[in-house]
Structures are given as structure tokens and as C-alpha cells.
2 protein chains.
Amino acid sequence: MKLQVEQRLASKKINPTAMRILVLELLLQQNSAISMSDIEKGLETADRITIYRTLKTFEQNGLIHCIEDGTGIPKYALCVEDCTTHEHHDMHVHFYCNSCKETFCLPDHRIPDISLPAGFSPAELNLIVKGTCEKCTQ
Amino acid sequence: MKLQVEQRLASKKINPTAMRILVLELLLQQNSAISMSDIEKGLETADRITIYRTLKTFEQNGLIHCIEDGTGIPKYALCVEDCTTHEHHDMHVHFYCNSCKETFCLPDHRIPDISLPAGFSPAELNLIVKGTCEKCTQ
DNA sequence: CCAATAATGCAATACCATTGCATTGGTTAA
DNA sequence: TTAACCAATGCAATGGTATTGCATTATTGG
């Protein structure tokens with residue numbers, strides 16, 4: 001278990017400190033994207049600023065990606081294994097549930113091509129679908 | 001001119017006060033979505049809180065819509081004429097230019113249908129395309 | 001014209017991101 | 001083993017924005 005976590009950090013060239021292992025373990029347990037304060041609540045010992053910098057480090061090294069789901073509060077989720085630092089730009093769909101307020105990555109649902117007006121060249125796509133999630137529909 | 005502005009307010013059941021006319025006129029002049037502080041800078045006399053509440057009123061009455069373009073700073077733009085309060089949810093594409101930092105509505109470019117996993121029911125779509133805009137491409 | 005209601009402006013609050021700086025901890029070289 | 005270095009951490013402080021309370025002013029309806 002812990003070994004896998006450390007390997008995952010190492011594969012992204014991130015020093016496996018105690019704090020980073022804790023944060024990564026917490027992220028691995030999630031099935032939805034979580035905010036900085038979620039992480040702060042999930043860890044007894046941690047200082048907000050340390051978590052903030054830990055997430056920045058993870059993001060820069062392509063371990064996680066940041067999602068702006070329209071709430072104004074950034075959420076974080078693990079990238080898929082093979083995403084590289086420069087190309088990990090959320091090319092999949094994110095789903096925000098209006099009921100449980102959770103944000104899900106839908107990595108299998110790629111964003112279809114959009115036709116843009118002449119002169120507009122796209123670099124990055126970010127599609128937020130809001131609605132009701134699987135759990136809350138029942 | 002001013003008459004048209006007042007009529008537009010009246011059609012959304014918004015009392016045409018001096019401040020609201022000024023803010024709406026400013027919005028009519030834009031060809032991109034602007035933030036609250038943009039409006040504050042654009043108007044000599046205005047108080048930040050009044051603008052804040054004016055925009056909330058406009059939004060509630062379906063005169064403008066709010067765009068979360070991923071910067072964390074909400075932007076506002078006029079809705080198309082026929083949009084109703086409950087159905088004015090940004091079903092078109094927004095474009096954020098990484099160069100000039102402006103946010104454009106592309107109302108003619110509707111978002112294609114997305115297939116979601118079973119149980120997920122969409123209510124609202126929000127697609128932000130980031131890249132380089134017409135002006136900055138040249 | 002007056003009373004009721006809505007809108008405004010000021011002050012204050014709260015929240016979150018971000019940075020500076022001092023301290024800790026772990027690794028390397030002498 | 002110790003000294004020196006670099007990365008990581010934690011505390012304190014700052015800055016920006018959203019948001020609310022309350023008193024004042026403007027607007028509307030009778």
C-alpha cells in the first residue's frame with residue numbers, strides 16, 4: 001500500500017515526505033474531486049498552508065489536476081496514470097452535482113470538437129456539466 | 001438610446017434607477033464579458049456594493065448571466081433577448097483568451113450533447129474554451 | 001403630498017489564496 | 001561524526017473578493 005503511494009510520488013519526481021504521503025493517500029480514497037479545506041478536515045495534523053503548497057507541487061508535477069467547477073472553490077483530483085505535466089489539461093468532462101455538491105471526473109467522456117469562429121484558436125477545453133449524480137438520482 | 005435601455009429594464013421587471021441605467025449602458029457597450037471591478041472602474045461614481053447588488057438583481061431577473069471562466073473571478077454579460085430567468089443557463093460556449101484575458105460569449109455555438117454515465121442527469125452545461133482570440137491571433 | 005417600499009452607500013465581516021520568514025529535517029560532503 | 005546545504009514545513013501576515021447589517025436616500029403608489 002504505502003509502497004505504491006511512494007512509488008507514485010517517485011514516478012512524478014516528488015520527494016515522498018510524510019505530509020505528501022498522507023495527502024496522496026487521502027486523494028486515492030476519493031471518488032470525487034475535493035477542495036483544499038476538505039483535505040484540511042480529512043487530516044488531523046495538517047497545516048492549511050502546507051496542504052496548499054503540497055497541492056501546488058502535485059499539480060506542477062502532473063500528479064493531480066485542478067478543477068474549476070463553477071463554485072469558485074478549486075477542487076483537486078488525481079490525474080490518470082499516463083498524463084504528462086504539460087498535457088494534463090482536463091480534456092475530459094467534469095460533473096457537478098447540485099444535490100450533494102460533489103464534483104466528479106468523467107475521464108472516459110471526452111469533449112467533442114467545437115467549431116469556433118474564425119480567428120479563435122483553442123488550447124484547452126473545460127466542460128462542466130451540472131445536474132444530479134448517480135447517488136442522488138435514486 | 002436611453003429609452004431603449006429603460007425599456008429593456010422594464011421588460012425584465014427591474015426598476016430603472018439611475019445606477020441601473022448606467023450599469024446596463026456599460027454592459028451594452030461591451031463585446032466581452034466583464035467583471036465587477038471592471039464595472040467599478042468604468043463608472044466614476046459607483047460604489048462597489050451597489051454594483052454588486054445591481055448585478056445580482058440583473059442576474060435574478062434574467063437580464064445578464066454570470067460566467068465562471070476558470071479565473072475564479074465571475075464575469076457578467078448580457079443575455080440574449082429571449083432568454084428567460086430559469087432557462088438562461090449559459091447553454092452556449094464561452095471563450096477565454098489567454099493573451100488578452102478577455103472572456104467572450106459565443107452564443108451561436110451550442111454545446112453538443114454529451115453522453116453521461118447511467119444515473120447522471122444533466123441540468124446545465126458550461127463549456128469554457130481557452131486559447132487565443134481573434135484579435136490576439138493577428 | 002405623504003407614507004410605504006425599494007435602492008443606495010458606508011462600515012464591517014468573513015473567507016480564501018498567497019507570500020515572507022524563521023525553523024525543522026534529512027541528505028551530502030568533508 | 002559533524003558541518004553545511006537544500007527542501008519542506010509551520011506560523012504570521014497580507015491582499016483581494018464576496019457578502020451582510022444598518023442607516024440614509026430615492027422612488028413609487030395612494
Side-chain angles (χ1 to χ4, degrees), chain A residues 2 5-6 8-27 33-61 63-76 96 101 103, chain B residues 2-3 5-27 33-61 63-76 96 101 103:
Chain A
K2 187 147 295 189
V5 173
E6 294 189 29
R8 193 146 178 178
L9 286 172
S11 76
K12 298 290 181 180
K13 312 264 187 271
I14 302 169
N15 278 351
T17 67
M19 183 58 58
R20 288 170 179 176
I21 290 170
L22 284 175
V23 173
L24 178 51
E25 280 177 345
L26 193 68
L27 284 167
I34 57 178
S35 69
M36 223 187 74
S37 61
D38 289 334
I39 296 173
E40 198 185 351
K41 284 167 201 148
L43 299 176
E44 286 291 325
T45 59
D47 173 70
R48 192 175 52 245
I49 291 96
T50 303
I51 294 170
Y52 170 76
R53 281 189 273 224
T54 299
L55 291 173
K56 285 284 176 210
T57 303
F58 283 5
E59 195 183 356
Q60 280 168 13
N61 292 311
L63 182 61
I64 62 175
H65 62 273
C66 176
I67 306 157
E68 266 293 351
D69 58 10
T71 61
I73 298 169
K75 304 284 168 58
Y76 299 90
Y96 177 78
K101 316 294 184 200
T103 301
Chain B
K2 186 148 296 186
L3 246 178
V5 173
E6 293 190 27
Q7 278 179 2
R8 192 145 178 178
L9 287 171
S11 76
K12 299 290 181 181
K13 312 264 188 270
I14 302 169
N15 279 351
T17 66
M19 183 59 57
R20 288 169 178 176
I21 291 170
L22 285 176
V23 172
L24 179 51
E25 282 178 344
L26 193 67
L27 283 167
I34 57 178
S35 68
M36 224 187 72
S37 62
D38 289 335
I39 296 173
E40 198 185 352
K41 285 167 201 147
L43 299 177
E44 286 292 324
T45 58
D47 173 70
R48 191 174 52 245
I49 290 95
T50 302
I51 294 170
Y52 171 77
R53 281 188 273 223
T54 299
L55 291 173
K56 286 283 177 210
T57 303
F58 284 5
E59 194 182 358
Q60 280 168 15
N61 291 311
L63 182 60
I64 62 174
H65 61 272
C66 175
I67 306 157
E68 268 292 352
D69 57 10
T71 61
I73 298 169
K75 304 283 167 58
Y76 299 90
Y96 177 79
K101 315 295 184 200
T103 300

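Chain naming here is simple, since letters A, B, ... match the order of the sequence lines and numbering starts at 1 in each. These values consider heavy atoms only, across backbone and side chains, with no hydrogens, waters or symmetry-generated copies.
Side chains of A:Phe58 and A:Arg20 form a contact here, defined as non-hydrogen atoms less than 4.5 Å apart. By the 4.5 Å heavy-atom criterion applied to side chains, B:Ile39 and B:Thr54 are not counted as neighbours.
Distance NZ (B:Lys13) to P (C:dA6): 16 Å, rounded to an integer number of Å. Summarising the geometry, the separation between CG on B:Leu55 and P on D:dT17 is reported as 14 Å, rounded to the nearest angstrom. A:Ile21 places its CD1 atom 15 Å from the C1' atom of D:dT9, with the value rounded to the nearest Å. One can place CG of B:Asp38 at 10 Å from P of D:dT17, the figure rounded to the nearest angstrom. Rounded to an integer number of Å, the gap from A:Leu24 CG to D:dA8 P is 15 Å. In this structure, OH of B:Tyr52 is placed 15 Å from C1' of D:dG16, rounded to the nearest angstrom. When rounded to the nearest whole Å, the span between CZ of B:Arg48 and P of D:dG15 equals 15 Å. Separating the CD1 atom of A:Ile73 from the P atom of D:dT19 is a distance of 11 Å, rounded to the nearest angstrom.
Contact between the side-chain N/O atoms of B:Lys56 and the OP1/OP2 oxygens of D:dA18 is not found at any separation under 4.0 Å. OP1 or OP2 of C:dA7 lies within a sub-4.0 Å distance of a side-chain N or O belonging to B:Arg20.
Checked by atom type and distance alone, the side chain of B:Asp47 pairs as donor or acceptor with a backbone atom of B:Ile49 at under 3.5 Å. A donor-acceptor pair is defined here as one N or O able to donate and one able to accept, closer than 3.5 Å; no such pair exists between the side chain of A:Ser37 and the backbone of A:Glu40.
Side-chain polar atoms of B:Thr71 and B:Asp69 form a donor-acceptor pair below 3.5 angstrom.
Take the nearest nucleotide of DNA chain D for B:Gly72 and for A:Thr54: the residue whose nucleotide is more 5' is A:Thr54. For B:Ile14 and B:Asp47, each mapped to the nucleotide of DNA chain C holding its nearest heavy atom, the one lying further toward the 5' end belongs to B:Ile14.
With values rounded to the nearest 0.5 angstrom, B:Ile34 atom CD1 is found 5.0 Å from B:Leu27 atom CG. With rounding to the nearest 0.5 angstrom, the OG1 atom of B:Thr17 is 8.5 Å from the CG atom of B:Leu22.
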Next item on the list: Summarise protein proximity over nucleotides 21-30 of chain D in one line of letters, 5' to 3': B for base, S for sugar-phosphate only, - for none, counting protein heavy atoms closer than 4.0 Å.
Entry: B---------
